[in-house]
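Note: hydrogens, waters and symmetry copies are ignored here, and every other heavy atom, side chains too, is used. Every chain is numbered from 1, with letters handed out A, B, ... down the list of sequences.
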Amino acid sequence: QVQLVESGGGVVQPGRSLRLSCVASGFTFSSSGMHWVRQAPGKGLEWVALVSLDESFKNYADSVKGRVTISRDNSKNTLYLQINNLRPEDTAVYYCARDLNLLLDYWGQGTLVTVSS
Amino acid sequence: DIQMTQSPSSLSAFVGDRVTVTCRAGQDISNYLAWYQQKPGKVPRLLIYAASTLQSGVPSRFSGSGSGTEFTLTINSLQPEDVATYYCQRYNTALALAFGGGTKVEIK
């Protein structure tokens with residue numbers, strides 16, 4: 001069955017950087033685009049980034065553009081999200097999700113990023 | 001404008017009631033509208049896509065309608081297990097993906 005397992009979250013000071021990972025299994029990772037979505041505590045879902053199956057296309061939400069990089073390693077079945085210059089408003093659970101024609105059909109359990117001094 | 005506006009932000013209804021949630025797009029998105037359900041403490045789940053097509057395994061009491069800029073999610077005969085927050089998502093282009101703000105559905 002499809003499994004997505006995120007890691008890399010934690011407590012980070014403002015201005016620092018963090019790289020999140022998402023390991024995929026149960027499907028052909030190299031054949032699927034992938035998303036990152038975040039959810040601040042008690043708030044709604046915010047789409048963050050999308051990468052195509054071969055990294056030829058990437059897109060980002062305006063709120064993170066310039067500070068965030070989505071990437072993938074198909075040889076490791078792993079998706080990444082690099083977040084630089086972290087701000088308190090980046091505090092959220094970060095989910096990776098599989099793309100199905102721009103729908104998000106499978107989601108991981110999420111990893112919590114807390115930005116605090 | 002890629003914003004998606006949901007209303008109401010929350011609602012409370014009795015078991016067995018019909019519940020309606022509305023989602024408005026800032027521009028015409030044809031039928032590229034999906035609904036997700038997020039139960040308390042759980043991961044979001046794809047419920048409906050193409051405005052009205054139920055994802056496999058979704059109970060038939062859920063339905064979706066609309067096109068263009070106005071869409072509706074309806075739960076016929078609300079059940080206790082439907083307590084959740086519901087989000088709409090536009091997906092007409094990879095350059096403008098966005099979720100609505102969510103509608104929290106509770107039982108009276």
Please say yes or no: joined through hydrophobic side-chain contacts below 4.5 Å, possibly via intermediate residues, are B:I75 and B:V15 part of one cluster? yes

Among the clusters formed by ILVMFWY side chains lying less than 4.5 Å apart, do A:Y106 and B:L54 turn up in the same one? no

Closest approach of B:A34 to A:L103 (non-hydrogen atoms, all atoms of both residues): CB-CD2, 3.5 Å

Looking only at heavy atoms, which two atoms of B:Y87 and A:K43 are closest? And how far apart? OH-O, 3.8 Å

Region of A:V37 that comes under 4.5 Å of a non-hydrogen atom in chain B: side chain

Using non-hydrogen atoms and a 4.5 Å limit, figure out which bit of A:F57 sits close to chain B: side chain, backbone, both or neither. side chain

Quick one: of B:A94, B:G102, B:A98, B:A96, who has the most non-hydrogen atom pairs under 4.5 Å with chain A? B:A94

Tell me if a side-chain donor or acceptor on A:Y95 pairs with a main-chain N or O of B:P44 at a distance below 3.5 Å. no

Checking A:N101 against B:Y49 for the side chain to side chain contact (heavy atoms under 4.5 Å, CB included) test, could you report, in this order, the C-alpha distance in whole Å, the side-chain angles of both residues, the deciding distance, and whether it holds? CA-CA 11 Å; A:N101 300 319; B:Y49 60 95; over 6 Å; no

Out of A:L100, A:L104, A:L102, A:D99, which one pairs with B:Y91 under the side-chain contact (heavy atoms from CB on, under 4.5 Å) rule? A:L102

Go through the atoms of B:Y32 and report whether side chain, backbone, both or neither lie under 4.5 Å from a heavy atom of chain A. neither

Can you say whether B:K104 sits under 4.5 Å from chain A via the side chain, the backbone, both, or neither, judging by heavy atoms? neither

For the residue pair A:L45 and B:Q89, establish whether any side-chain heavy-atom pair is separated by less than 4.5 Å. no

Do A:L50 and B:L97 have side chains that approach each other closer than 4.5 Å (heavy atoms only, starting at C-beta)? yes

Describe, in one word, how the ring planes of A:W107 and B:F99 are oriented to each other, choosing from parallel (under 30°), tilted (30 to 60°) and perpendicular (over 60°). tilted

Exceeds 12 heavy-atom contacts within 6.0 angstrom, atom CD of A:E55: yes

